[in-house]
Amino acid sequence: MDLKITNTLTREKEVFRPIDPSHVRLYVCGPTVYDFAHVGNARPVVVFDVLARLLRRLYPAPEHRVTYVRNITDVDDKINARARANGETIAELTARTAAQFHEDMRALGAEDPDVEPRATHHIAEMIALIERLIAKGHAYAADGHVLFSVPSMPEYGGLSRRDRDEMIAGARVEVAPYKKDPADFVLWKPSDPELPGWDSPWGRGRPGWHIECSAMSWKHLGETFDIHGGGLDLIFPHHENEIAQSRCAFGSHVMATYWMHNGFVTVEGEKMSKSLGNFYTVRDVLQEWPGEAIRLLLLSAHYRAPLDFSKAGLREAKAQLDRLYQALESAQNVSTVRPDLALKNQGDAMVNIDRPQETYITDALCDDLNTPLAISRLHELATRLNKAPDDQKFGMKRTLLQGAELLGLLQNTPDEWFRGGVSDISQIEIERLIAARADARKARDFAEADRIRDTLKAQGIELEDGPQGTTWKRAG
RNA sequence: GGCCCCGUGGCAGAGUGGUUAUGCAGAGGACUGCAAAUCCUUGUACAUCGGUUCGAUUCCGGUCGGGGCCUCCA
């Protein structure tokens, strides 16, 4: 099935055709590292993680290659300000924040991108780009700055669909005197001695915001590539300006063929903002909720739609995962390899012959990354798995796991999900109490049996009596 | 002012020109010592007003309501 993507360039859902099918190239704007990632930062990471997983499924090795680049912005005025406020060096701040970002995103089940370039490691490429732009008449140096000349690019504004007059009329910032045109934007600016700076043909300075992504995508993906992603808010000015820089520098018709933008996250129905005090960092939420529940919640709305991040939503996500893991636990002894093939084949040959062909979830995701539909199909598969006779469970379990992998879900074992984090000592004690309760039940001393069950429940352990005996799990 | 998005059952949230979304919550039943989990049954939604159509929640237009962006916020 074809992958379809809503392309911000055209505002239409289009069939994805890579420039080079043997090498699919994806670039996503990553974090500016000056503080903990909040749940709004996490949404594009999780969304484009699913896209990368899907692309790898659709364009598998060894015939194909997928390169996913997500940058780290480690030169920025917010970083400078924060480092000063914290009384630490910029290097300390960015190194620590980047490490925290990695920990948090991994906790959300996001795989690392193939390349994670840092802006400060690409100053030479930025300078080279700026020199090209000047040489081609698309940029000019003025008063220590280098500015992109917006009037030099007639198509400027195509992505955000706004014309120059509107932009100027709506501008909230006073126009700097060195700009030839009010719409021009900074490619390079001078740095004070105490601020980060690099030598350049225009003196010691630092880059403007947009040039880094043009430089890093060029270095790691080429002059043009397939998909560029990021948050809705980046459409203007960031992505508009990236397009201007890259296209004018390379004389290309497009920078990326497809542009994808995720919607915003609200918190308990309100826009997340520091002034409202409803700023959820991923780290804080992880204190109370499994990363997988956060991930499921972030995928529970279509990526372009707004997403409300709420306690109720987290509870529901957790409940949904309980249900899915429950289905897997009930099939824990079921192999995901066809029994007949497992018997007939050994080693690598078996893997090749028994290559799974899950399409149920893949098809949902191919429709412009319809993760809510994909999740609903996970539930359908879980229901079918629950109902299936034992000898038919293997295929459904496999389909469920393979589909879930595409979403980055159900990557734990049911045992870890339900019983992880309980110490070995406690587990021994729990087993002892279960045995004591079994004796009581056998003696039909149900008062004692219920007392034991209530005692454990008060300690956050729930018991379930099944045909195979009693099992336990962490409560809620 | 300009550009863009959205309004679905108690909640979350897909989708479709005429046929069950899915999950959570709720109700009834099976199973169970009782529970839990699971299974079965159950709820007949699509802001509003017009238009197109044999037929619209789905297409078109108006209205009302909500939201985002408009120079460094994912």
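Note on naming: letters A, B, ... go to the chains in the order of the sequence lines (proteins, then strands), and numbering restarts at 1 for each one. The model shown is predicted, which means the values in this text are computed figures rather than measured ones.
Nucleic acid contact for A:H302: sugar-phosphate only, since backbone atoms but no base atoms lie under 4.0 Å from a heavy atom of the residue. At a threshold of 4.0 angstrom between heavy atoms, the contacts of A:R323 are confined to the sugar-phosphate backbone, with no base atom among them. Nucleic acid contact for A:L463: base, since at least one base atom lies under 4.0 Å from a heavy atom of the residue. Note on A:G40: a base of the nucleic acid sits closer than 4.0 angstrom, heavy atoms only. Base contact: A:E316 has a heavy atom under 4.0 Å from a base atom. Contact annotation for A:R441: base contact, defined as any heavy-atom pair under 4.0 Å involving a base atom. Contact annotation for A:R437: base contact, defined as any heavy-atom pair under 4.0 Å involving a base atom. Residue A:D450 is classed as a base contact, given a heavy-atom separation below 4.0 Å to a base. A:V45 comes within contact range of no nucleotide atom at all, as no heavy-atom separation falls under 4.0 Å.
Distance check on atom P: B:rA45 versus B:rU19 gives 12 Å, rounded to whole Å. Nucleotides B:rG18 and B:rU53 have their C1' atoms positioned 12 Å apart, rounded to a whole Å.
Salt bridge annotation for A:R304-A:D368: present, with a cationic side-chain nitrogen under 4.0 angstrom from a carboxylate oxygen. Between A:R453 and A:D450 there is a salt bridge, since at least one side-chain N of the basic residue sits less than 4.0 Å from a carboxylate O of the acidic one. For the pair A:D322 and A:R474, the salt-bridge criterion is not met [side-chain N within less than 4.0 Å of a carboxylate O]. A salt bridge between A:E103 and A:R283 is present, with a side-chain N of the basic residue lying under 4.0 Å from a carboxylate O of the acidic one. Ion pairing between a basic and an acidic side chain is recognised when a charged N comes within 4.0 Å of a carboxylate O; A:D112 and A:R106 show such pairing.
Nucleotide B:rG7 has B:rC64 as its partner under the Watson-Crick or G-U criteria, with both atom distances under 3.5 Å. When Watson-Crick and G-U wobble pairs are counted only if both distances are under 3.5 Å, B:rG26 pairs with B:rU42. With a cut-off of 3.5 Å on both Watson-Crick or G-U wobble distances, the partner of B:rA36 is given as none.
OP1 or OP2 of B:rC39 lies within a sub-4.0 Å distance of a side-chain N or O belonging to A:N386. One finds a side-chain N or O of A:K387 lying less than 4.0 angstrom from the OP1 or OP2 phosphate oxygen of B:rC40. Within the 4.0 Å cut-off from OP1 or OP2 of B:rG15, at least one side-chain nitrogen or oxygen of A:N370 is found.
Annotation for A:V75 and A:P207: closest pair CG1-CG, 4.1 Å, computed over non-hydrogen atoms.
Mapping A:L232 and A:R11 onto RNA chain B by nearest heavy atom places A:R11 closer to the 5' end of the strand. Nearest-nucleotide positions on RNA chain B for A:H379 and A:G230 put A:H379 closer to the 5' end.
On a pure distance criterion of 3.5 Å, no polar donor-acceptor pair joins the side chain of A:R453 and the base of B:rA36. Taking only distance into account, the side chain of A:D77 never meets the base of B:rC72 through a donor-acceptor pair shorter than 3.5 Å.
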